[in-house]
Amino acid sequence: MIDLRRLADEPAYRAGAVRKGIDDAVLDELDELEARRRGLQSSTEDLRARQNAASKAIGRSSPEERPERIEEAGRLKVELSTAEDELRELTDRVGELALTVPNPAHESVPDGGEDDFELVAEVGERSSPPPHDHADYAEAMGFIDLPRGARTSGSRFAYVMREAALVEFALVQYAMQMVVAEGFVPVVPPVLVSEQMMIDAGFFPTDRNQVYEIESDALHLVGTAEVPLAGLHRGERLSADEVPARYAGFSSCFRREAGTYGKDTRGIFRVHQFDKVEMFSYVAPDESWDELERLRALQERIIGGLGLPYRIINVASGDLGAAAAKKYDLEVWLPSEERYREITSCSNYLDYSARRLDCRITGEGFVHTLNGTACAIARTLVFLFEHGQDAEGGWVVPEVLRPFTGFDRVEPR
RNA sequence: GGAGGGAUGGCAGAGCGGACGAAUGCGACGGUCUUGAAAACCGUUGGGCCUCCGGGUCCCGUGGGUUCGAAUCCCACUCCCUCCGCCA
(Lines give C-alpha, C1' and ligand atoms only; values in the text may rest on other atoms or scores of the structure.)
Protein backbone atom coordinates (compact mmCIF):
# COMPACT_ATOMS: atom_id res chain seq x y z
CA MET A 1 0.00 0.00 0.00
CA ILE A 2 1.26 3.38 -1.07
CA ASP A 3 1.92 6.27 1.37
CA LEU A 4 -0.72 8.79 0.29
CA ARG A 5 0.86 11.66 2.17
CA ARG A 6 4.22 11.19 0.49
CA LEU A 7 2.51 10.70 -2.83
CA ALA A 8 0.97 14.15 -2.49
CA ASP A 9 3.99 15.88 -0.98
CA GLU A 10 7.08 14.34 -2.59
CA PRO A 11 7.52 14.72 -6.36
CA ALA A 12 10.35 12.14 -6.42
CA TYR A 13 8.19 9.51 -4.74
CA ARG A 14 5.42 10.16 -7.20
CA ALA A 15 7.84 9.99 -10.13
CA GLY A 16 8.97 6.56 -8.97
CA ALA A 17 5.40 5.33 -9.13
CA VAL A 18 4.97 6.71 -12.62
CA ARG A 19 8.09 4.81 -13.70
CA LYS A 20 6.33 1.62 -12.63
CA GLY A 21 3.67 2.38 -15.20
CA ILE A 22 0.86 4.01 -13.23
CA ASP A 23 -0.99 6.79 -15.01
CA ASP A 24 -0.47 10.40 -13.89
CA ALA A 25 -4.18 11.00 -14.10
CA VAL A 26 -4.86 8.22 -11.59
CA LEU A 27 -2.44 9.81 -9.14
CA ASP A 28 -4.09 13.21 -9.61
CA GLU A 29 -7.49 11.71 -8.91
CA LEU A 30 -6.15 9.90 -5.88
CA ASP A 31 -4.60 13.08 -4.44
CA GLU A 32 -7.84 14.95 -4.89
CA LEU A 33 -10.00 12.23 -3.37
CA GLU A 34 -7.68 11.85 -0.40
CA ALA A 35 -7.71 15.60 0.27
CA ARG A 36 -11.50 15.53 0.24
CA ARG A 37 -11.54 12.47 2.47
CA ARG A 38 -9.39 14.20 5.07
CA GLY A 39 -11.61 17.24 5.14
CA LEU A 40 -14.67 15.05 5.53
CA GLN A 41 -13.03 13.07 8.31
CA SER A 42 -12.38 16.25 10.28
CA SER A 43 -15.90 17.58 9.88
CA THR A 44 -17.43 14.18 10.67
CA GLU A 45 -15.38 13.93 13.82
CA ASP A 46 -16.46 17.40 14.88
CA LEU A 47 -20.04 16.31 14.44
CA ARG A 48 -19.44 13.16 16.42
CA ALA A 49 -17.84 15.23 19.19
CA ARG A 50 -21.06 17.23 19.46
CA GLN A 51 -23.19 14.11 19.48
CA ASN A 52 -21.02 12.50 22.16
CA ALA A 53 -21.29 15.64 24.30
CA ALA A 54 -25.07 15.70 23.90
CA SER A 55 -25.36 12.07 24.98
CA LYS A 56 -23.14 12.57 27.98
CA ALA A 57 -25.23 15.55 29.06
CA ILE A 58 -28.32 13.33 29.19
CA GLY A 59 -26.75 11.15 31.83
CA ARG A 60 -26.21 14.17 34.04
CA SER A 61 -29.53 15.83 33.42
CA SER A 62 -32.66 15.71 35.55
CA PRO A 63 -35.57 13.41 34.60
CA GLU A 64 -37.72 16.39 33.55
CA GLU A 65 -35.34 17.73 30.96
CA ARG A 66 -34.35 14.36 29.55
CA PRO A 67 -37.03 13.89 26.88
CA GLU A 68 -36.14 17.16 25.21
CA ARG A 69 -32.42 16.43 25.31
CA ILE A 70 -32.85 12.94 23.96
CA GLU A 71 -34.75 14.34 21.05
CA GLU A 72 -31.99 16.83 20.32
CA ALA A 73 -29.30 14.16 20.48
CA GLY A 74 -31.44 12.07 18.14
CA ARG A 75 -31.34 14.84 15.55
CA LEU A 76 -27.56 15.00 15.75
CA LYS A 77 -27.46 11.24 15.36
CA VAL A 78 -29.26 11.40 12.03
CA GLU A 79 -26.99 14.16 10.80
CA LEU A 80 -23.94 12.20 11.89
CA SER A 81 -25.02 9.04 10.17
CA THR A 82 -25.33 10.84 6.83
CA ALA A 83 -21.82 12.24 7.19
CA GLU A 84 -20.51 8.82 8.17
CA ASP A 85 -22.00 7.14 5.13
CA GLU A 86 -20.43 9.73 2.89
CA LEU A 87 -17.06 9.36 4.61
CA ARG A 88 -17.16 5.59 4.37
CA GLU A 89 -17.93 5.68 0.69
CA LEU A 90 -15.09 8.09 0.02
CA THR A 91 -12.69 6.07 2.18
CA ASP A 92 -13.54 2.92 0.25
CA ARG A 93 -12.93 4.65 -3.05
CA VAL A 94 -9.58 6.02 -1.90
CA GLY A 95 -8.56 2.61 -0.56
CA GLU A 96 -9.53 0.83 -3.73
CA LEU A 97 -7.68 3.28 -5.93
CA ALA A 98 -4.64 3.31 -3.63
CA LEU A 99 -4.30 -0.46 -4.00
CA THR A 100 -3.74 -0.06 -7.72
CA VAL A 101 -0.71 2.17 -7.18
CA PRO A 102 2.56 0.18 -7.19
CA ASN A 103 5.48 0.80 -4.87
CA PRO A 104 7.58 3.58 -6.49
CA ALA A 105 10.81 2.36 -8.06
CA HIS A 106 14.01 3.40 -6.30
CA GLU A 107 16.19 5.95 -8.10
CA SER A 108 18.88 3.30 -8.71
CA VAL A 109 16.45 1.17 -10.73
CA PRO A 110 16.89 1.50 -14.52
CA ASP A 111 13.94 2.59 -16.68
CA GLY A 112 12.27 0.25 -19.10
CA GLY A 113 11.08 -3.33 -19.48
CA GLU A 114 12.36 -6.86 -19.32
CA ASP A 115 15.45 -6.27 -21.48
CA ASP A 116 16.46 -2.99 -19.92
CA PHE A 117 18.04 -4.43 -16.80
CA GLU A 118 21.39 -3.22 -15.52
CA LEU A 119 24.10 -5.90 -15.41
CA VAL A 120 25.57 -5.73 -11.91
CA ALA A 121 28.04 -8.62 -11.95
CA GLU A 122 28.96 -11.72 -13.92
CA VAL A 123 30.80 -14.57 -12.22
CA GLY A 124 32.14 -17.85 -13.64
CA GLU A 125 32.53 -19.38 -17.08
CA ARG A 126 29.74 -19.79 -19.58
CA SER A 127 30.01 -23.40 -20.68
CA SER A 128 29.01 -25.00 -23.98
CA PRO A 129 25.92 -27.22 -24.25
CA PRO A 130 26.17 -30.71 -22.69
CA PRO A 131 25.33 -33.84 -24.72
CA HIS A 132 21.93 -33.97 -23.03
CA ASP A 133 19.82 -31.17 -21.69
CA HIS A 134 18.60 -31.48 -18.12
CA ALA A 135 15.28 -33.05 -19.10
CA ASP A 136 16.71 -35.87 -21.18
CA TYR A 137 19.56 -36.44 -18.78
CA ALA A 138 17.41 -36.52 -15.67
CA GLU A 139 15.03 -38.95 -17.30
CA ALA A 140 17.84 -41.22 -18.46
CA MET A 141 19.36 -41.20 -15.00
CA GLY A 142 16.03 -42.00 -13.38
CA PHE A 143 16.10 -38.69 -11.47
CA ILE A 144 12.87 -37.26 -12.80
CA ASP A 145 9.72 -39.03 -13.94
CA LEU A 146 7.38 -36.67 -15.73
CA PRO A 147 5.11 -39.12 -17.58
CA ARG A 148 4.14 -40.81 -14.35
CA GLY A 149 3.80 -37.42 -12.70
CA ALA A 150 1.35 -36.49 -15.42
CA ARG A 151 -0.56 -39.72 -14.95
CA THR A 152 -0.88 -39.01 -11.23
CA SER A 153 -1.60 -35.27 -11.27
CA GLY A 154 -1.42 -33.87 -14.80
CA SER A 155 1.20 -31.98 -16.75
CA ARG A 156 3.94 -30.06 -14.94
CA PHE A 157 4.00 -32.52 -12.04
CA ALA A 158 7.07 -34.66 -11.50
CA TYR A 159 8.41 -37.46 -9.41
CA VAL A 160 11.89 -36.58 -8.17
CA MET A 161 13.59 -39.92 -7.50
CA ARG A 162 16.68 -41.87 -6.47
CA GLU A 163 19.85 -39.84 -5.88
CA ALA A 164 18.03 -36.71 -7.05
CA ALA A 165 15.65 -36.99 -4.10
CA LEU A 166 18.64 -37.17 -1.78
CA VAL A 167 20.23 -34.19 -3.53
CA GLU A 168 17.01 -32.29 -2.99
CA PHE A 169 17.33 -32.83 0.76
CA ALA A 170 21.01 -31.95 0.59
CA LEU A 171 20.21 -28.64 -1.10
CA VAL A 172 17.68 -27.83 1.60
CA GLN A 173 20.21 -28.62 4.32
CA TYR A 174 22.99 -26.71 2.60
CA ALA A 175 20.92 -23.58 2.01
CA MET A 176 19.32 -23.69 5.43
CA GLN A 177 22.65 -24.14 7.19
CA MET A 178 24.09 -21.21 5.27
CA VAL A 179 21.32 -18.75 6.12
CA VAL A 180 20.92 -19.91 9.71
CA ALA A 181 24.62 -19.13 10.17
CA GLU A 182 23.71 -15.58 9.10
CA GLY A 183 21.08 -15.24 11.81
CA PHE A 184 17.97 -16.31 9.94
CA VAL A 185 15.52 -18.18 12.14
CA PRO A 186 14.62 -21.51 10.53
CA VAL A 187 10.88 -21.91 9.95
CA VAL A 188 8.55 -24.55 8.57
CA PRO A 189 5.44 -22.44 7.96
CA PRO A 190 1.86 -23.32 7.06
CA VAL A 191 1.40 -23.70 3.31
CA LEU A 192 -2.38 -23.38 3.43
CA VAL A 193 -3.44 -19.84 4.26
CA SER A 194 -6.62 -17.80 4.50
CA GLU A 195 -7.79 -15.42 1.84
CA GLN A 196 -7.04 -12.46 4.10
CA MET A 197 -3.44 -13.63 4.42
CA MET A 198 -3.14 -13.72 0.63
CA ILE A 199 -4.51 -10.19 0.41
CA ASP A 200 -2.30 -8.83 3.17
CA ALA A 201 0.79 -10.45 1.68
CA GLY A 202 -0.02 -8.61 -1.54
CA PHE A 203 -0.78 -11.62 -3.75
CA PHE A 204 -4.52 -11.03 -4.04
CA PRO A 205 -6.24 -9.80 -6.09
CA THR A 206 -3.41 -9.46 -8.66
CA ASP A 207 -2.13 -13.04 -8.69
CA ARG A 208 -5.37 -14.76 -7.86
CA ASN A 209 -5.36 -16.91 -10.99
CA GLN A 210 -1.92 -18.27 -10.12
CA VAL A 211 -3.09 -19.70 -6.81
CA TYR A 212 -4.63 -23.09 -6.01
CA GLU A 213 -7.70 -22.75 -3.84
CA ILE A 214 -9.26 -25.25 -1.46
CA GLU A 215 -12.81 -24.08 -1.74
CA SER A 216 -14.34 -26.39 0.86
CA ASP A 217 -12.22 -24.82 3.60
CA ALA A 218 -11.58 -21.35 2.15
CA LEU A 219 -7.83 -21.97 2.13
CA HIS A 220 -5.19 -21.27 -0.43
CA LEU A 221 -1.98 -23.12 -1.26
CA VAL A 222 0.92 -20.71 -1.11
CA GLY A 223 3.18 -20.17 -4.09
CA THR A 224 6.02 -19.22 -1.78
CA ALA A 225 6.85 -19.25 1.92
CA GLU A 226 6.97 -15.47 1.63
CA VAL A 227 3.23 -15.46 2.28
CA PRO A 228 3.22 -17.15 5.70
CA LEU A 229 6.48 -15.41 6.66
CA ALA A 230 4.81 -12.08 5.94
CA GLY A 231 2.09 -13.21 8.31
CA LEU A 232 4.50 -13.88 11.12
CA HIS A 233 4.29 -10.31 12.46
CA ARG A 234 1.05 -9.21 10.88
CA GLY A 235 -0.71 -6.61 12.99
CA GLU A 236 2.14 -6.55 15.49
CA ARG A 237 4.11 -3.72 17.05
CA LEU A 238 7.76 -4.72 17.14
CA SER A 239 10.05 -3.08 19.65
CA ALA A 240 13.25 -1.51 18.33
CA ASP A 241 15.36 -4.36 19.71
CA GLU A 242 13.30 -6.99 17.90
CA VAL A 243 14.57 -5.86 14.50
CA PRO A 244 16.24 -6.89 12.37
CA ALA A 245 14.20 -10.09 12.48
CA ARG A 246 15.26 -12.60 9.84
CA TYR A 247 13.48 -15.82 8.92
CA ALA A 248 14.22 -18.67 6.55
CA GLY A 249 11.13 -20.62 5.61
CA PHE A 250 11.21 -24.05 4.04
CA SER A 251 8.05 -25.01 2.21
CA SER A 252 6.53 -26.67 -0.76
CA CYS A 253 5.31 -24.07 -3.25
CA PHE A 254 2.27 -24.44 -5.47
CA ARG A 255 1.70 -22.45 -8.64
CA ARG A 256 -0.96 -22.86 -11.25
CA GLU A 257 1.31 -21.32 -13.91
CA ALA A 258 -1.74 -20.14 -15.79
CA GLY A 259 -0.86 -18.57 -19.10
CA THR A 260 2.42 -20.42 -19.49
CA TYR A 261 1.23 -23.16 -21.82
CA GLY A 262 4.04 -24.11 -24.13
CA LYS A 263 6.60 -22.20 -22.08
CA ASP A 264 9.47 -24.06 -20.43
CA THR A 265 7.80 -27.39 -21.03
CA ARG A 266 10.96 -29.46 -20.79
CA GLY A 267 11.90 -31.04 -17.51
CA ILE A 268 11.22 -29.40 -14.19
CA PHE A 269 12.22 -25.81 -14.93
CA ARG A 270 8.60 -24.75 -14.48
CA VAL A 271 6.39 -27.06 -12.43
CA HIS A 272 3.23 -26.73 -10.35
CA GLN A 273 4.88 -27.91 -7.16
CA PHE A 274 8.41 -27.49 -5.84
CA ASP A 275 10.26 -26.97 -2.60
CA LYS A 276 12.01 -23.77 -1.66
CA VAL A 277 13.93 -22.11 1.14
CA GLU A 278 12.91 -18.47 1.29
CA MET A 279 14.46 -15.62 3.27
CA PHE A 280 12.36 -12.85 4.78
CA SER A 281 13.67 -9.83 6.72
CA TYR A 282 11.93 -7.28 8.91
CA VAL A 283 14.26 -4.31 9.39
CA ALA A 284 14.30 -0.70 10.60
CA PRO A 285 13.52 1.82 7.83
CA ASP A 286 17.07 3.13 7.59
CA GLU A 287 18.51 -0.35 7.20
CA SER A 288 16.57 -1.85 4.33
CA TRP A 289 18.97 -0.89 1.53
CA ASP A 290 21.88 -2.49 3.37
CA GLU A 291 19.69 -5.52 3.97
CA LEU A 292 18.99 -5.90 0.25
CA GLU A 293 22.73 -6.05 -0.43
CA ARG A 294 23.11 -8.56 2.37
CA LEU A 295 20.47 -10.82 0.83
CA ARG A 296 22.11 -10.51 -2.55
CA ALA A 297 25.55 -11.36 -1.17
CA LEU A 298 24.12 -14.38 0.59
CA GLN A 299 22.48 -15.60 -2.60
CA GLU A 300 25.75 -15.24 -4.44
CA ARG A 301 27.49 -17.36 -1.84
CA ILE A 302 24.81 -20.05 -2.02
CA ILE A 303 24.73 -20.29 -5.82
CA GLY A 304 28.44 -19.61 -6.25
CA GLY A 305 29.17 -22.29 -3.66
CA LEU A 306 27.45 -24.83 -5.89
CA GLY A 307 29.93 -23.98 -8.62
CA LEU A 308 27.32 -22.48 -10.96
CA PRO A 309 28.24 -19.57 -13.27
CA TYR A 310 25.86 -16.67 -12.76
CA ARG A 311 25.15 -13.02 -13.26
CA ILE A 312 23.27 -10.48 -11.19
CA ILE A 313 20.88 -8.05 -12.78
CA ASN A 314 19.16 -4.97 -11.42
CA VAL A 315 15.65 -5.43 -12.80
CA ALA A 316 14.20 -2.48 -14.73
CA SER A 317 11.26 -0.46 -13.37
CA GLY A 318 8.64 -1.89 -15.74
CA ASP A 319 9.58 -5.47 -14.87
CA LEU A 320 9.34 -5.05 -11.08
CA GLY A 321 6.45 -6.55 -9.18
CA ALA A 322 3.99 -4.08 -7.67
CA ALA A 323 5.44 -4.37 -4.17
CA ALA A 324 9.15 -4.12 -4.97
CA ALA A 325 11.03 -0.81 -4.97
CA LYS A 326 14.08 -2.63 -6.30
CA LYS A 327 14.83 -6.21 -7.26
CA TYR A 328 17.93 -8.19 -8.09
CA ASP A 329 17.65 -11.37 -10.11
CA LEU A 330 20.40 -13.93 -9.92
CA GLU A 331 20.55 -15.82 -13.19
CA VAL A 332 22.55 -18.97 -13.86
CA TRP A 333 23.97 -19.94 -17.23
CA LEU A 334 21.85 -22.74 -18.72
CA PRO A 335 24.17 -24.44 -21.21
CA SER A 336 21.48 -26.24 -23.24
CA GLU A 337 19.74 -22.95 -23.95
CA GLU A 338 22.96 -20.95 -24.07
CA ARG A 339 21.51 -18.19 -22.01
CA TYR A 340 21.10 -17.06 -18.42
CA ARG A 341 17.92 -18.11 -16.64
CA GLU A 342 16.57 -16.86 -13.31
CA ILE A 343 17.34 -19.02 -10.29
CA THR A 344 16.78 -16.65 -7.36
CA SER A 345 15.74 -13.06 -6.72
CA CYS A 346 15.55 -10.62 -3.86
CA SER A 347 13.47 -7.50 -3.38
CA ASN A 348 13.17 -4.54 -1.08
CA TYR A 349 9.52 -3.73 -0.39
CA LEU A 350 10.34 -0.81 1.90
CA ASP A 351 7.17 -0.05 3.92
CA TYR A 352 4.81 -0.90 1.05
CA SER A 353 3.90 -4.37 2.24
CA ALA A 354 4.16 -3.48 5.94
CA ARG A 355 1.36 -0.95 5.54
CA ARG A 356 -1.05 -3.59 4.42
CA LEU A 357 0.29 -6.02 7.02
CA ASP A 358 -0.02 -3.28 9.64
CA CYS A 359 3.38 -4.12 11.12
CA ARG A 360 5.20 -1.28 12.84
CA ILE A 361 8.25 -0.65 14.94
CA THR A 362 7.41 1.23 18.12
CA GLY A 363 8.28 4.86 17.57
CA GLU A 364 9.69 4.35 14.08
CA GLY A 365 6.64 3.88 11.93
CA PHE A 366 6.25 0.97 9.59
CA VAL A 367 8.83 -1.77 9.45
CA HIS A 368 10.57 -2.43 6.14
CA THR A 369 10.32 -5.90 4.64
CA LEU A 370 12.50 -7.74 2.17
CA ASN A 371 12.52 -11.20 0.76
CA GLY A 372 14.80 -13.35 -1.29
CA THR A 373 15.19 -16.92 -2.44
CA ALA A 374 17.78 -18.96 -0.61
CA CYS A 375 17.26 -21.98 -2.82
CA ALA A 376 14.46 -22.98 -5.19
CA ILE A 377 15.13 -26.69 -5.32
CA ALA A 378 13.61 -27.87 -8.61
CA ARG A 379 15.15 -25.10 -10.61
CA THR A 380 18.51 -25.53 -8.92
CA LEU A 381 18.43 -29.23 -9.85
CA VAL A 382 17.92 -28.23 -13.47
CA PHE A 383 21.17 -26.27 -13.49
CA LEU A 384 23.04 -28.88 -11.48
CA PHE A 385 21.98 -31.66 -13.87
CA GLU A 386 23.43 -29.78 -16.83
CA HIS A 387 26.62 -28.53 -15.20
CA GLY A 388 27.36 -31.76 -13.33
CA GLN A 389 27.59 -34.22 -16.24
CA ASP A 390 31.10 -35.63 -16.59
CA ALA A 391 32.92 -37.12 -19.60
CA GLU A 392 31.64 -40.64 -18.87
CA GLY A 393 28.03 -39.48 -18.55
CA GLY A 394 28.06 -39.74 -14.78
CA TRP A 395 26.79 -36.98 -12.54
CA VAL A 396 29.11 -35.18 -10.12
CA VAL A 397 27.75 -33.93 -6.81
CA PRO A 398 28.86 -30.37 -5.95
CA GLU A 399 31.43 -30.52 -3.21
CA VAL A 400 29.40 -28.51 -0.72
CA LEU A 401 26.53 -31.01 -0.92
CA ARG A 402 28.62 -34.12 -0.33
CA PRO A 403 28.49 -33.92 3.47
CA PHE A 404 24.72 -34.16 3.12
CA THR A 405 24.40 -36.71 0.32
CA GLY A 406 27.06 -39.14 1.44
CA PHE A 407 28.06 -39.81 -2.18
CA ASP A 408 30.03 -37.68 -4.61
CA ARG A 409 29.12 -39.10 -8.01
CA VAL A 410 26.29 -41.02 -9.64
CA GLU A 411 27.25 -43.68 -12.21
CA PRO A 412 25.69 -43.35 -15.68
CA ARG A 413 22.76 -45.65 -16.29
C1' G B 1 -17.59 -34.44 14.04
C1' G B 2 -20.54 -33.69 19.03
C1' A B 3 -21.18 -31.02 24.06
C1' G B 4 -19.83 -27.06 27.13
C1' G B 5 -16.68 -22.63 28.68
C1' G B 6 -14.01 -18.29 27.36
C1' A B 7 -11.59 -13.74 24.61
C1' U B 8 -10.72 -6.63 28.66
C1' G B 9 -4.09 -2.58 28.83
C1' G B 10 3.12 -5.83 29.03
C1' C B 11 0.81 -9.84 32.40
C1' A B 12 -3.06 -11.21 36.02
C1' G B 13 -7.92 -9.62 36.76
C1' A B 14 -12.61 -6.41 38.00
C1' G B 15 -16.41 -4.06 35.43
C1' C B 16 -22.29 -6.48 32.79
C1' G B 17 -26.47 0.40 29.79
C1' G B 18 -24.46 7.02 31.33
C1' A B 19 -19.05 10.25 35.47
C1' C B 20 -15.15 3.74 31.70
C1' G B 21 -9.61 4.33 27.69
C1' A B 22 -11.38 1.32 31.72
C1' A B 23 -10.74 -0.43 39.31
C1' U B 24 -7.01 -3.30 41.67
C1' G B 25 -2.52 -6.20 41.80
C1' C B 26 2.09 -7.45 39.37
C1' G B 27 5.75 -5.85 36.03
C1' A B 28 8.47 -1.67 33.76
C1' C B 29 10.39 3.40 34.14
C1' G B 30 11.68 7.98 37.15
C1' G B 31 12.45 9.90 42.13
C1' U B 32 13.18 9.87 47.77
C1' C B 33 15.99 7.04 51.30
C1' U B 34 21.00 4.11 51.12
C1' U B 35 28.33 3.59 50.86
C1' G B 36 25.75 0.36 47.07
C1' A B 37 21.57 -2.83 46.64
C1' A B 38 16.97 -4.68 48.56
C1' A B 39 12.66 -3.12 51.15
C1' A B 40 9.48 1.00 51.90
C1' C B 41 7.31 5.45 50.08
C1' C B 42 5.99 9.11 45.97
C1' G B 43 5.13 9.68 40.78
C1' U B 44 4.85 7.95 35.57
C1' U B 45 3.38 3.98 32.51
C1' G B 46 -1.24 1.46 25.35
C1' G B 47 -2.01 2.59 20.35
C1' G B 48 -4.17 4.38 15.37
C1' C B 49 -6.09 8.52 12.67
C1' C B 50 -7.42 13.87 11.93
C1' U B 51 -5.82 18.72 13.53
C1' C B 52 -7.17 25.71 12.62
C1' C B 53 -1.54 22.14 17.61
C1' G B 54 -6.30 24.35 21.56
C1' G B 55 -7.89 19.76 20.86
C1' G B 56 -10.95 16.00 18.52
C1' U B 57 -11.92 11.00 17.19
C1' C B 58 -11.49 5.62 17.07
C1' C B 59 -9.86 1.04 19.50
C1' C B 60 -12.27 -3.86 25.67
C1' G B 61 -11.19 -10.82 19.75
C1' U B 62 -13.51 -9.29 14.45
C1' G B 63 -17.79 -7.47 11.73
C1' G B 64 -22.85 -5.92 11.97
C1' G B 65 -27.28 -4.35 14.96
C1' U B 66 -30.36 -2.03 19.15
C1' U B 67 -29.98 2.84 21.91
C1' C B 68 -29.72 9.87 22.82
C1' G B 69 -25.63 6.76 24.95
C1' A B 70 -22.51 -0.08 24.55
C1' A B 71 -16.60 -3.18 27.43
C1' U B 72 -21.73 -4.00 29.22
C1' C B 73 -27.79 -5.97 25.38
C1' C B 74 -28.73 -8.76 20.34
C1' C B 75 -26.78 -11.38 15.73
C1' A B 76 -22.82 -13.49 12.83
C1' C B 77 -17.80 -14.86 12.43
C1' U B 78 -12.73 -16.01 14.20
C1' C B 79 -9.58 -17.89 17.75
C1' C B 80 -8.49 -20.34 22.54
C1' C B 81 -9.67 -23.95 26.57
C1' U B 82 -12.23 -28.59 28.67
C1' C B 83 -14.75 -33.30 27.72
C1' C B 84 -16.37 -37.23 24.06
C1' G B 85 -15.42 -39.47 19.16
C1' C B 86 -11.85 -40.13 15.15
C1' C B 87 -6.75 -39.87 13.69
C1' A B 88 -0.55 -39.38 11.38
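As the structure is a computational prediction, the values presented were derived from the model and not from experiment. Here is how names work: the chains are called A, B, and so on, in the same order as the sequence lines, proteins then strands, and each is numbered from 1.
Aromatic ring pairs are classed by plane angle as parallel below 30°, tilted from 30° to 60° and perpendicular above 60°; the pair Phe385(A) and Trp395(A) is perpendicular. Between Tyr137(A) and His132(A), the ring planes are parallel. Angles under 30° get that label, and only those over 60° would be called perpendicular.
The same atom, P, is picked in G65(B) and in A14(B); the two are 31 Å apart, to the nearest Å. One P atom belongs to A3(B), the other to A23(B), and the distance between them is 39 Å to the nearest Å. Of the C1' atoms belonging to A76(B) and C26(B), the separation is 37 Å, rounded to the nearest Å. Nucleotides C79(B) and G46(B) are separated by 22 Å at their C1' atoms, to the nearest Å. Separating the C1' atom of C11(B) from that of G2(B) is a span of 35 Å, rounded to the nearest Å. If you take atom C1' in G69(B) and the same atom in U78(B), they sit 28 Å apart, rounded to whole Å. The C1' atoms of U8(B) and G61(B) are separated by 10 Å, rounded to the nearest whole Å. Atom P of A7(B) sits at a distance of 36 Å from the matching atom of A88(B), rounded to the whole Å.
Note that CG of Leu370(A) and OG of Ser281(A) are 5.5 Å apart. Values are rounded to the nearest 0.5 Å.
Protein atom CE of Met197(A) is 15 Å distant from nucleotide atom P of C79(B), rounded to whole Å. The CG atom of Leu47(A) sits 11 Å away from the P atom of C58(B) (whole-angstrom rounding). Between the P atom of C79(B) and the CZ atom of Arg234(A) lies a distance of 12 Å, rounded to the nearest Å. The separation between Arg75(A) atom CZ and U67(B) atom P is 17 Å, rounded to whole Å. Atom CG of Asp358(A) and atom P of U62(B) are 13 Å apart (whole Å). Nucleotide C77(B) holds its P atom 18 Å from the CD atom of Glu195(A), rounded to whole Å. Distance CD (Gln196(A)) to C1' (C77(B)): 13 Å, rounded to an integer number of Å. Atom NZ in Lys56(A) sits roughly 9 Å away from atom C1' in C20(B) (whole-Å rounding).
Side-chain N/O atoms of Lys77(A) include one lying less than 4.0 angstrom from OP1 or OP2 on G69(B).
Base orientation for G54(B): syn, the chi torsion being within 90° of 0.
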Exercise for review: Report, as a single string ordered 5' to 3', how protein heavy atoms within less than 4.0 Å touch nucleotides 47-53 of chain B: B base, S sugar-phosphate only, - not at all.
Suggested key: SSSSS--

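Residue Ala49(A) is classed as a sugar-phosphate contact, given heavy-atom separations below 4.0 Å to backbone atoms only. Glu72(A) comes within contact range of no nucleotide atom at all, as no heavy-atom separation falls under 4.0 Å.
Salt-bridge check for Asp358(A) with Arg234(A): failed, with every basic side-chain N at 4.0 Å or more from each acidic carboxylate O. In this structure, Arg246(A) pairs ionically with Glu291(A), as a charged nitrogen and a carboxylate oxygen lie closer than 4.0 Å. Residues Arg37(A) and Glu34(A) are paired through a salt bridge, judged by an N-O separation under 4.0 Å between the basic side chain and the carboxylate. Of the charged side-chain nitrogens involved, at least one lies within less than 4.0 Å of a carboxylate oxygen, so that Arg36(A) and Glu32(A) count as a salt-bridged pair.
Relative to the six-membered ring of Tyr159(A), Arg148(A) misses at least one condition, a distance below 6.0 Å or an angle of at most 45° to the axis. Taking the ring axis of Phe269(A) as reference, the NZ or CZ atom of Arg341(A) stays within 45° of it and closer than 6.0 Å to the ring centre.
Annotation: Trp333(A) is not in aromatic contact with His387(A) [ring centroid separation under 6.0 Å not met].
At least one side-chain heavy atom of Met198(A) sits less than 4.5 Å from a side-chain heavy atom of Val227(A).
Nearest-nucleotide positions on RNA chain B for Ala73(A) and Asn52(A) put Asn52(A) closer to the 5' end. Toward the 5′ end of RNA chain B lies the nearest nucleotide of Arg48(A), the other residue of the pair Arg48(A) and Gly74(A) mapping further downstream.
In this structure, Pro403(A) and Glu399(A) approach most closely via the heavy-atom pair CD-O, 3.5 Å.
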Review point. What dot-bracket string describes RNA chain B from 5' to 3', counting Watson-Crick and G-U wobble pairs whose defining distances are under 3.5 Å, with [ ] for crossing pairs and | for pairs to another strand?
Key: ((((((((.[[[..)..(.....]]]((((((.......))))))(((((....))))).[[[[[..)....]]]]])))))))....

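Of the residues in residues 82-95 of chain A, not one comes within less than 4.0 Å of RNA chain B through any heavy atom.
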Review point. Going through the checks in order, is the side-chain hydrogen bond (donor to acceptor under 3.5 Å, both in side chains) test met by Ser239(A) and Glu242(A)?
Key: CA-CA 5 Å; Ser239(A) 60; Glu242(A) 283 179 280; 3.1 Å; yes

